[in-house]
Peer 1: 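Take this structure, written in structure tokens, and hold onto it; I'll ask about it next.
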Amino acid sequence: MRWSRYFLPTMKDTPAEAQIASHRFMLRAGMVRQNTAGIYTWLPMGLKVLSKIADIVRDEQARAGANEVLMPTIQSAELWQESGRFDAYGPEMLRFEDRHGRTMLYGPTNEEMITDIFKRDVQSYKNLPMNLYHIQWKFRDEVRPRFGVMRGREFLMKDGYSFDVDKEAAELAYKKVFISYLRTFRRLGLTAIPMQADTGPIGGDLSHEFLIQAETGESEVFFDSAISGDPAFTEDLTSDAELEAAFDRLTSAYARTDETHEASLFDAEVPEDRKVVSRGVEVGHIFYFGTKYSEPLGATVSNAGGKDVPVHMGSYGIGVSRLVGGIIEANHDDDGIVWPAEIAPFGVGIINLKVDDAACSAACDDLYAQATAAGLDPLLDDRDMRPGGKFADMELIGLPWVITIGPRGLKEGMAELKNRRTGEKHDVAVADVLGRLAAG
RNA sequence: CGGGCUGUAGCGCAGCCUGGUAGCGCGUUCGUCUGGGGGACGAGAGGUCGCGGGUUCGAACCCCGCCAGCCCGACCA
């Protein structure tokens, strides 16, 4: 992409409303614009990152055996009245009427709807286990939206739902998702620590939240530092036995948010030098809730004995749009964002220091073509601007690598290659720069 | 939803107290000089001063009402 043809409006000043780093940088780097409290438009570069995150989530859902569907944002109130949640869910749920006077709502979650979908077409345990998910916009009318996309009212979420014939099978499904989340977050460049959670308005009796550490996190977190060294964070587990063992290790160690924290237990279970007290951003939340929805909504299957039983369900959320902010919270410096490679909006930035110098522009165009051919997805800054602004903008948007070409170095056939994260700079022959980049 | 604050050009802000020609920096347009970390000079464009009402000869400014946004708290993926 050539910057001159890309809608990437950067800002030098920080809008007054942005308080935290991720919000500031997302506005300054031209990723989002706020429309009204807690509701944002995603501009091209922000959307690109959002899509990359969603694609990684999809990829990992597929690996875990889940099927993607797409349910609507707008729901009828009827199913919610059947489940009893229409009255139980507070004013956070946006309700309204259509022209016929039917009560509608903008879905804050989809348990009822997926249960209804399921029950129409699945009648036998032979079709189980089943895990269906979608990635869809949700709306929760938060009293006080803040922190940009980290706590908006409209947000993109992956929500998945598992269906099993009994509690034992359902718990295995839960554990599989638990482990798959570790891998998903790892690919996003994050260590998300699973913590024992309250089950909240979704309901149920087994629940974990996944939190990444960040100064600006909304929850206070307490955990045993030994957890983050567990091999389950870095290794892939294949057998059910390995998976269950990892689940047991991770869930038996102390890791709680302020909601469930018990100081006496923390003191008793965790040696002083392994105690971590910090803040975290919740990026995932999983629940096992048994037959809470299948019973009232009549979602039953025939079991092996020929008897109809309500399905055991779990639901599994990942805050996709929130992750964009969360990843920036965990990956930035004073100058801007520092993207993890896999979700960086472009693989490399190329700065043309002097666009009206024919040789310089030719060298940049050539390098741009090569980088494109190599699948690096480069962003070429071909704007007629002074160097200072270009450097500052490039740091702000945080691409992992930046190649700078200017007339001065070009006389010697040299370009500069800079690593955004480490700040290391090297003068490299233009002909070798992509090879050097590939070598790390 | 309690408490506090703010709405003036795309962004950041001054002006309001003490009513009288709407300003500054950045950005933006054109030109010239520039060109390795947000440059200089010159010339422009851009504003129903959040909305409605009131007071007044006259309101960005004073008064009343409303709306929106932000911060702290409670709440939340």
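In what follows, chains carry the letters A, B, and so on, assigned in the order in which the sequence lines appear, proteins first and then strands, with residues in each chain numbered from 1.
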Peer 1: Who passes ring-ring contact (aromatic ring centres under 6.0 Å, His included) against A/W3, sequence neighbours left out?
Peer 2: none

Peer 1: List in chain and number order the residues that pass side chain to side chain donor-acceptor pair (under 3.5 Å) with A/K138, two or more places apart in sequence or in another chain; answer none if no residue qualifies.
Peer 2: A/D159

Peer 1: Which residues pass the side-chain contact (heavy atoms from CB on, under 4.5 Å) test with A/M385, sequence neighbours left out?
Peer 2: A/R383, A/K390, A/D393

Peer 1: Can you give the donor-acceptor pairs under 3.5 Å from side chains of residues 334-344 of chain A to other protein atoms, not counting sequence neighbours?
Peer 2:
{"from": "A/W339", "atom 1": "NE1", "to": "A/I397", "atom 2": "O", "distance (Å)": "2.9"}
{"from": "A/E342", "atom 1": "OE2", "to": "A/R187", "atom 2": "NE", "distance (Å)": "3.3"}
{"from": "A/E342", "atom 1": "OE2", "to": "A/R187", "atom 2": "NH2", "distance (Å)": "2.8"}

Peer 1: Checking A/S294 now: which residues fulfil side chain to side chain donor-acceptor pair (under 3.5 Å) with it, not counting sequence neighbours?
Peer 2: none

Peer 1: Mind running a 4.0 Å heavy-atom check of residues 11-39 of chain A against RNA chain B and sending the residues that fall below it, in number order?
Peer 2: A/K12, A/D13, A/T14, A/P15, A/A16, A/E17, A/Q19, A/R28, A/Q34, A/T36, A/A37

Peer 1: I'd like to check the salt bridge (Lys or Arg N to Asp or Glu O under 4.0 Å) partners of A/R24; sequence neighbours left out, ordered by chain and number.
Peer 2: none

Peer 1: When you measure from the side-chain N and O atoms of A/R408 to the phosphate of B/rG36, is any distance below 4.0 Å, counting only OP1 and OP2?
Peer 2: yes

Peer 1: Return the residues of residues 349-367 of chain A meeting this criterion: a heavy atom under 4.0 Å from some atom of RNA chain B. Order them by number, or give none.
Peer 2: A/L353, A/K354, A/D356

Peer 1: Among residues two or more places apart or on two chains, list those pairs meeting salt bridge (Lys or Arg N to Asp or Glu O under 4.0 Å) that have a residue in residues 248-258 of chain A.
Peer 2: A/D230-A/R249, A/R256-A/E262

Peer 1: List the residues meeting side chain to side chain donor-acceptor pair (under 3.5 Å) with A/H261, not counting sequence neighbours, and say none if there are none.
Peer 2: A/Y254

Peer 1: By a strict heavy-atom criterion of less than 4.0 Å, which residues belonging to residues 409-424 of chain A are in contact with RNA chain B?
Peer 2: A/G409, A/E416, A/K418

Peer 1: When you measure from every atom of RNA chain B, which of residues 40-60 of chain A have a heavy atom less than 4.0 Å away?
Peer 2: none

